[in-house]
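Take a look at the structure below.
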Amino acid sequence: MKRVLSGIKPSGELNIGGYGGALSQFVRMQEEYECFLFIPDLHAVTVPQDPKELLRRSMDIAAYYIAAGVDPDKAVIFFQSHVPAHAELGWMMETQSHFGELGRMTQFKEKSEGRDSVSAALFTYPSLMAADILLYQATHVPVGDDQKQHLELTRDLAVRFNSRFGETFTVPEPIIQGIGSRIMGLDDPSKKMSKSNPNRNSYILLQDSPDDIRKKLARAVTDSEMTVRYDWDRKPEVSNLIEIYAVFSGESIEAIERRYERQGYGVFKKELAEAVVGKLVPIQERYKEIVDSEELVRILKNGARKAAEAAEQTLVRAKRAMGFVTF
Ligand code: ATP
Ligand code: LTN
């Protein structure tokens, strides 16, 4: 059986990078895989969070999952903090993680850089992420390119645990789709599009108004060549925009290149904005209907119950394997 586990942290407003790298994949994969899609709120608090903001954003992300097309009848949707097995197996995975390998994680290095104090949890974050995945015996994990290293560590930990304590975990495969797995900033194509960027024009949020989306894309950096061509080495700015176009229109890179070959950047950027707006407006409408609804609460309670059942089975196996007393 093919099983997916993945999630988007409620650590900031959702941007189109998370949509391209993760959410749009979730929607596609639910047709073929048994999906466990969660909101890793325990991961969000590895850096300081305002409690009120965290509360709101957590429900927001859940609502966006559904608004974007994740179907609660097909996928199990839940909060990480509602299933205590994550924290328990997370601790057990910490015991199997080496200090040196955690120190080599680039996300840790980036997030700790320039801060006076960094939480211990930010350091052990990848062990908890491994637990998230291994608890559900996931075979596949759809993520953006930036999570590749964490997935490699997860695989190492699964293999290490299995060889030390006996076959317990499925070794998961990352799914990093070509197009949309690395959407870069609109102001600088060498940096991943991220809500942590202080320049608001560098990212497009799922909740941005059509006018803001149009303005941000009109301002997006390009080059002076005026040809719409996909070439990350020579034309990273334009290649990034073509990729965004492909994610939002479902068209191939070649089709987009062909259409805009002789049109210049003005027309290309305008039509790109309409493709993004055309996709996001219905998602925003559905989001508004669901975000404060009883239905959403019911879906999340149901999801937590189903997830806990699946997680408990692995947790008990892992505890027995390590030599904990179980009755
Ligand atoms: P932060 O930048 O604060 O660390 P994040 O956006 O990387 O947050 P999440 O919100 O948890 O972290 O990311 C959810 C998913 O979206 C992950 O699979 C991540 O790889 C993917 N993702 C995030 N940003 C991008 C991006 N710019 N392009 C493609 N995928 C992305
Ligand atoms: N580390 C991821 C979020 C995350 C995750 C997971 C993704 C936590 N646990 C399990 C996939 C599977 C991030 O920073 N985007």
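All ligand and atom numbering here is 1-based and tracks the order in the structure. Nothing here was measured: the structure is a model prediction, and the numbers come from that model.
- Aromatic ring orientation, Phe36 versus Phe78: perpendicular (interplanar angle above 60°, classes split at 30° and 60°).
- The side-chain heavy atoms of Ile66 and Arg286, taken from C-beta on, include a pair separated by under 4.5 Å.
- Atom 1 (P) of ligand 1 has its closest protein heavy atom at Lys111 NZ, 3.3 Å.
- Between the choices Gly144, Ser181, Gly20, the shortest heavy-atom distance to atom 29 (C) of ligand 1 belongs to Ser181.
- With hydrogens and angles disregarded, no donor-acceptor distance shorter than 3.5 Å links the side chain of Gln207 to the backbone of Gln284.
- Using modelled atom types, no side-chain atom of Gln30 and backbone atom of Gln25 make a donor-acceptor pair closer than 3.5 Å.
- Contacts of Leu128 with ligand 2, taken as heavy-atom pairs under 4.0 Å, are absent altogether.
- With Arg3 contributing its side chain and Gln137 its backbone, the two residues share no donor-acceptor pair below 3.5 Å.
- The nearest heavy-atom contact from the protein to atom 31 (C) of ligand 1 is Gly17 O, 3.3 Å.
- Atom 12 (C) of ligand 2 has its closest protein heavy atom at Leu5 CD1, 3.7 Å.
- For atom 20 (O) of ligand 1, the nearest non-hydrogen atom of the protein is Asp146 OD1, 2.4 Å.
- Of all protein heavy atoms, the one closest to atom 15 (C) of ligand 1 is Ala22 CB, 3.6 Å.
- Using a 4.0 Å cut-off between charged nitrogen and carboxylate oxygen, Lys74 and Glu31 count as a salt-bridge pair.
- Nearest non-hydrogen protein atom to atom 27 (N) of ligand 1 is Ile183 O, 2.7 Å.
- Arg200 is not listed as a side-chain neighbour of Lys195, based on a closest heavy-atom distance of 4.5 Å or more.
- Inclusion of Met193 in the set of residues having an N or O under 3.5 Å from an N or O of ligand 1 is warranted.
- Regarding atom 6 (O) of ligand 1, its nearest protein heavy-atom neighbour is Lys195 NZ, 3.1 Å.
- Judged by distance alone, the side chain of Lys191 and the main-chain N or O of Gly185 form no donor-acceptor pair under 3.5 Å.
- Summary of contacts: the protein heavy atom closest to atom 2 (O) of ligand 1 is Ser194 OG, 3.2 Å.
- Contact annotation: for Gln147 versus ligand 2, heavy atoms closer than 4.0 Å belong to the side chain alone.
- Of all protein heavy atoms, the one lying nearest to atom 3 (C) of ligand 2 is Tyr125 OH, 3.7 Å.
- Within the structure, ligand 1 lacks Gly12 among the residues with a heavy atom less than 4.0 angstrom away.
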Chi angles and distances behind the salt bridge (charged side-chain N to carboxylate O under 4.0 Å, His left out) call for Arg258, Glu261
CA-CA 5 Å; Arg258 233 177 291 126; Glu261 212 175 2; over 6 Å; no
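- At least one heavy atom of Gly180 lies less than 4.0 angstrom from ligand 1.
- Using a 4.0 Å cut-off to heavy atoms of Lys9, the atoms of ligand 1 that qualify are 4 (O), 8 (O), 9 (P), 10 (O), 11 (O), 12 (O).
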Worked check of salt bridge (charged side-chain N to carboxylate O under 4.0 Å, His left out) between Arg56 and Glu13:
CA-CA 10 Å; Arg56 179 187 61 76; Glu13 312 302 330; 2.9 Å; yes
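- Closest to atom 7 (O) of ligand 1, if we only count protein heavy atoms, is Lys192 NZ, 2.5 Å.
- For the pair Lys2 and Tyr33, the cation sits on the ring face: its NZ or CZ lies under 6.0 Å from the ring centre, inside 45° of the axis.
- Of the candidates Ile8, Val143, Val47, Ile8 brings a heavy atom nearest to atom 14 (C) of ligand 1.
- For the ligand labelled ligand 2, residue Gln107 lies inside the 4.0 Å heavy-atom shell.
- If you check which protein heavy atom lies closest to atom 9 (N) of ligand 2, you get Asp132 OD2, 2.7 Å.
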